[in-house]
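Notes follow the structure.
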Amino acid sequence: MKNFLLALIAVFAFVGCGGGDDAASGDKNAPSYNAVLFFDALYNKHNLNAAIEFSTPKMARIMRSYGTASQFSRNLLNLQYDEVTIEVDMTNESLREVYGDESTVNLIFTGYWQGKKIDDMRSVKMLRKKGVWYVDKIIYDPYAR
């Protein structure tokens with residue numbers, strides 16, 4: 001009986017430790033948090049529906065038209081990765097944006113595609129609706145090829 005109780009406690013301890021999404025860290029109410037989760041769903045989880053949860057209805061309609069996460073990221077974003085790390089560029093961070101309903105978040109992507117290391121940067125426009133931040137637009141990079 002004693003071994004059974006110890007095993008049961010160990011199971012609950014391991015279950016309690018897991019299940020967290022460690023793709024994004026920091027303030028869950030910040031626009032950058034949901035922006036990282038959006039791109040993590042696209043590139044690391046390859047799940048278009050999970051990314052749609054972090055997007056506005058307008059962006060969701062555009063995303064659905066591509067059918068898959070890889071099609072969307074290849075055609076609209078012009079970024080492909082086998083594996084990627086996504087970081088928030090904090091040089092453009094403004095406290096004023098956190099209190100408004102719109103924000104622009106700059107993200108730095110570091111990853112590999114077919115064995116080659118690729119570093120890139122994207123900006124996204126975020127909108128807050130009912131206290132939740134959503135990706136509204138991926139800002140076109142005028143310096144991209």
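Basis for what follows: all heavy atoms, side chains included, without hydrogens, waters or symmetry-related copies. FYI, the numbering just counts along the sequence from 1. Small disclaimer: the values here were computed from a predicted structure and weren't measured.
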So [Y] and [X], do their side chains get closer than 4.5 Å, heavy atoms only?
X	Y	answer
Glu102	Met126	no
Ile62	Leu76	yes
Lys137	Ser123	no
Leu48	Leu42	yes
Val84	Thr110	no

Approximate separation, where rounding is to 0.5 Å, of [X] [atom1] and [Y] [atom2]:
X	Y	atom1	atom2	value
Ile138	Ser73	CD1	OG	9.5 Å
Ile86	Asp40	CD1	CG	5.0 Å
Leu37	Asn44	CG	CG	11.0 Å
Asn78	Gln80	CG	CD	8.0 Å

Who pairs with [X] by side chain to side chain donor-acceptor pair (under 3.5 Å), at least two apart in sequence or on another chain?
X	answer
Asp120	Arg122
Gln71	Arg74, Asn75
Thr85	none

Out of curiosity, does [Y] fall in the hydrophobic cluster containing [X] (side-chain heavy atoms, cut-off under 4.5 Å, transitive links)?
X	Y	answer
Tyr33	Met90	yes
Trp113	Leu107	yes
Val36	Tyr81	yes

Non-neighbouring partners of Phe54 that pass ring-ring contact (aromatic ring centres under 6.0 Å, His included), sequence neighbours left out: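 Phe54 satisfies ring-ring contact (aromatic ring centres under 6.0 Å, His included) with no residue once adjacent residues are dropped.
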side-chain contact (heavy atoms from CB on, under 4.5 Å) assessment of Ile118 paired with Phe109: CA-CA 8 Å; Ile118 299 173; Phe109 297 86; over 6 Å; no
Derivation and outcome, side-chain contact (heavy atoms from CB on, under 4.5 Å), residues Phe39 and Leu77: CA-CA 11 Å; Phe39 284 104; Leu77 301 175; 3.8 Å; yes
Pairs meeting criterion side-chain hydrogen bond (donor to acceptor under 3.5 Å, both in side chains) with involvement of residues 56-70, two or more places apart: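 Matches after skipping sequence neighbours: Thr56-Asp136, Thr68-Ser70.
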Minimum heavy-atom distance between Ala51 and Ala41, given as atom pair plus value: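 For Ala51 versus Ala41, the nearest heavy atoms are N-CB, 3.6 Å.
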Nearest heavy atoms of Gly100 and Arg128, plus distance in Å: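 For Gly100 and Arg128, the tightest heavy-atom pair comes out as O-NH2, 2.5 Å.
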Gln114 backbone acceptor or donor facing Asp82 side chain under 3.5 Å: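 Judged by distance alone, yes, a pair lies under 3.5 Å.
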Donor-acceptor pair, side chain of Trp133 and main chain of Asn29, under 3.5 angstrom: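 Yes; at least one donor-acceptor contact below 3.5 Å.
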Passing candidate, side chain to side chain contact (heavy atoms under 4.5 Å, CB included) with Val105, options Val135, Val124, Ile139: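 That would be Val124.
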Remaining members of hydrophobic cluster (4.5 Å side-chain criterion), Val132: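 So far as hydrophobic clustering goes, Val132 is joined with Tyr134.
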